[in-house]
Asker: 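Structure below; questions to follow.
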Amino acid sequence: MNIQNLMKQAQQMQREIQKIQTELESTEYNGTSALVNVVVNGKKDLLRVNINNKEEITCDDIEMLEDMILTAVNDAFKKVDADKEAKLSKYQGLAGMI
């Protein structure tokens, strides 16, 4: 294999990785907990928070609600990381070359 073909393959891989990263960044991921649903994008920007059963929440429940929001956001972030790992794992170790 000559250097020219190797460079072409590296450029192709770089384009594929960039395409996957762009797709990941624009994908929305849902995170949930008992009372909260959140949506984040692949850049881990929090896009939406939805609190279920708002009418049942009292001032005494604020600390619990904060914990539920944290749980839902972390759940969504884990989904972002898992998706990224699944889609980019075949390029692991090659990223430094391109």
Side-chain angles (χ1 to χ4, degrees):
M1 180 176 291
N2 67 33
I3 192 74
Q4 214 169 20
N5 285 343
L6 189 58
M7 290 298 294
K8 285 181 183 180
Q9 287 179 341
Q11 289 171 344
Q12 177 63 28
M13 276 193 282
Q14 189 174 21
R15 284 190 294 272
E16 289 173 12
I17 290 171
Q18 183 60 43
K19 181 182 176 196
I20 291 168
Q21 288 175 331
T22 300
E23 289 172 2
L24 286 168
E25 289 176 359
S26 64
T27 301
E28 292 187 357
Y29 300 86
N30 295 303
T32 59
S33 66
L35 295 174
V36 179
N37 297 320
V38 299
V39 177
V40 301
N41 63 20
K43 295 185 284 185
K44 295 186 178 177
D45 295 328
L46 182 60
L47 303 176
R48 290 184 294 283
V49 176
N50 182 32
I51 299 170
N52 303 320
N53 303 321
K54 293 174 188 153
E55 60 280 348
E56 295 177 19
I57 297 172
T58 67
C59 290
D60 297 335
D61 295 329
I62 296 300
E63 188 173 320
M64 179 191 62
L65 181 59
E66 291 170 343
D67 289 342
M68 293 291 106
I69 292 170
L70 186 61
T71 298
V73 170
N74 286 331
D75 180 50
F77 285 170
K78 287 177 187 174
K79 291 175 182 176
V80 171
D81 292 339
D83 197 26
K84 184 176 183 179
E85 174 67 25
K87 291 180 178 176
L88 292 175
S89 63
K90 72 178 181 178
Y91 300 105
Q92 194 171 16
L94 299 174
M97 296 175 53
I98 53 176

Asker: Judged by modelled atom types alone, do Gln18 and Arg15 share a side-chain donor-acceptor pair under 3.5 Å?
Answerer: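 Distance-only check fails for Gln18 and Arg15.
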Asker: Is there a side chain to side chain contact (heavy atoms under 4.5 Å, CB included) between Ile20 and Leu88? Walk through the geometry before answering.
Answerer: CA-CA 8 Å; Ile20 291 168; Leu88 292 175; 3.5 Å; yes
Asker: Verify salt bridge (charged side-chain N to carboxylate O under 4.0 Å, His left out) between Asp75 and Lys79, making sure each step is shown before the conclusion.
Answerer: CA-CA 6 Å; Asp75 180 50; Lys79 291 175 182 176; 3.4 Å; yes
Asker: Are Val39 and Val49 connected in the hydrophobic side-chain network, where two residues link if heavy atoms are under 4.5 Å apart?
Answerer: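 Unlinked, Val39 and Val49 end up in two clusters.
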Asker: May I ask you to test the Asp83-Glu85 pair for a side-chain heavy-atom distance under 4.5 Å?
Answerer: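 When only atoms from C-beta onward are counted, Glu85 and Asp83 do not touch, as no gap falls below 4.5 Å.
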Asker: Do Tyr29 and Phe77 belong to the same hydrophobic cluster, where Ile, Leu, Val, Met, Phe, Trp and Tyr are linked whenever their side-chain heavy atoms lie under 4.5 Å apart, directly or via other members?
Answerer: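 Hydrophobic grouping puts Tyr29 with Phe77.
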Asker: Quick check for you: to the nearest 0.5 Å, what is the distance between Gln14 atom CD and Lys19 atom NZ?
Answerer: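 Result: 15.5 Å between the selected atoms.
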Asker: Any chance you could measure Ile17, atom CD1, to Leu24, atom CG, to the nearest 0.5 Å?
Answerer: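 Answer rounded to 0.5 Å: 11.5 Å.
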Asker: Would you say CE of Met64 has more than 12 non-hydrogen atoms from neighbouring residues, nucleotides or ligands within 6.0 angstrom?
Answerer: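 Enclosed: over 12 neighbouring heavy atoms sit under 6.0 Å from CE of Met64.
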Asker: Just how far is it from atom CE of Met7 to atom CD of Gln9, taken to the nearest 0.5 Å?
Answerer: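 With rounding to 0.5 Å, CE (Met7) is 11.5 Å from CD (Gln9).
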Asker: Looking only at heavy atoms, what is the nearest atom pair of Val38 and Ala76, with distance?
Answerer: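 What the structure gives for the nearest pair is CG2-CB, 4.1 Å.
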Asker: Is there a path from Ile51 to Leu46 through hydrophobic residues (I, L, V, M, F, W, Y) whose side chains come within less than 4.5 Å of each other?
Answerer: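 Shared cluster, yes.
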Asker: With a 4.5 Å cut-off on side-chain heavy atoms, are Lys44 and Asp81 touching?
Answerer: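 They are in side-chain contact.
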Asker: Using the salt bridge (Lys or Arg N to Asp or Glu O under 4.0 Å) rule, collect all pairs that involve residues 58-72, keeping only residues at least two apart or in two chains.
Answerer: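 Output for this query is empty, none listed.
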Asker: Should the heavy atoms of other residues, nucleotides or ligands under 6.0 Å from NZ of Lys78 be counted, would the total exceed 12?
Answerer: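 Atom NZ in Lys78 is not crowded, with 12 or fewer foreign heavy atoms closer than 6.0 Å.
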Asker: If you count heavy atoms of other groups shown closer than 6.0 angstrom to NZ of Lys87, is the number above 12?
Answerer: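 Yes, NZ of Lys87 has more than 12 neighbouring heavy atoms, counting only those of other groups under 6.0 Å.
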Asker: Looking only at non-hydrogen atoms, find the nearest pair between Ile57 and Asn52 and report the distance.
Answerer: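 The answer is CD1-O, 4.1 Å.
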Asker: Rounded to the nearest 0.5 Å, what separation is found between the CG atom of Leu65 and the CG atom of Asn53?
Answerer: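 Result: 11.0 Å between the selected atoms.
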Asker: Lys43: what forms a side chain to side chain contact (heavy atoms under 4.5 Å, CB included) with it, not counting sequence neighbours?
Answerer: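 If we apply the side chain to side chain contact (heavy atoms under 4.5 Å, CB included) test to Lys43, skipping adjacent residues, the hits are Glu25, Asn41, Asp45.
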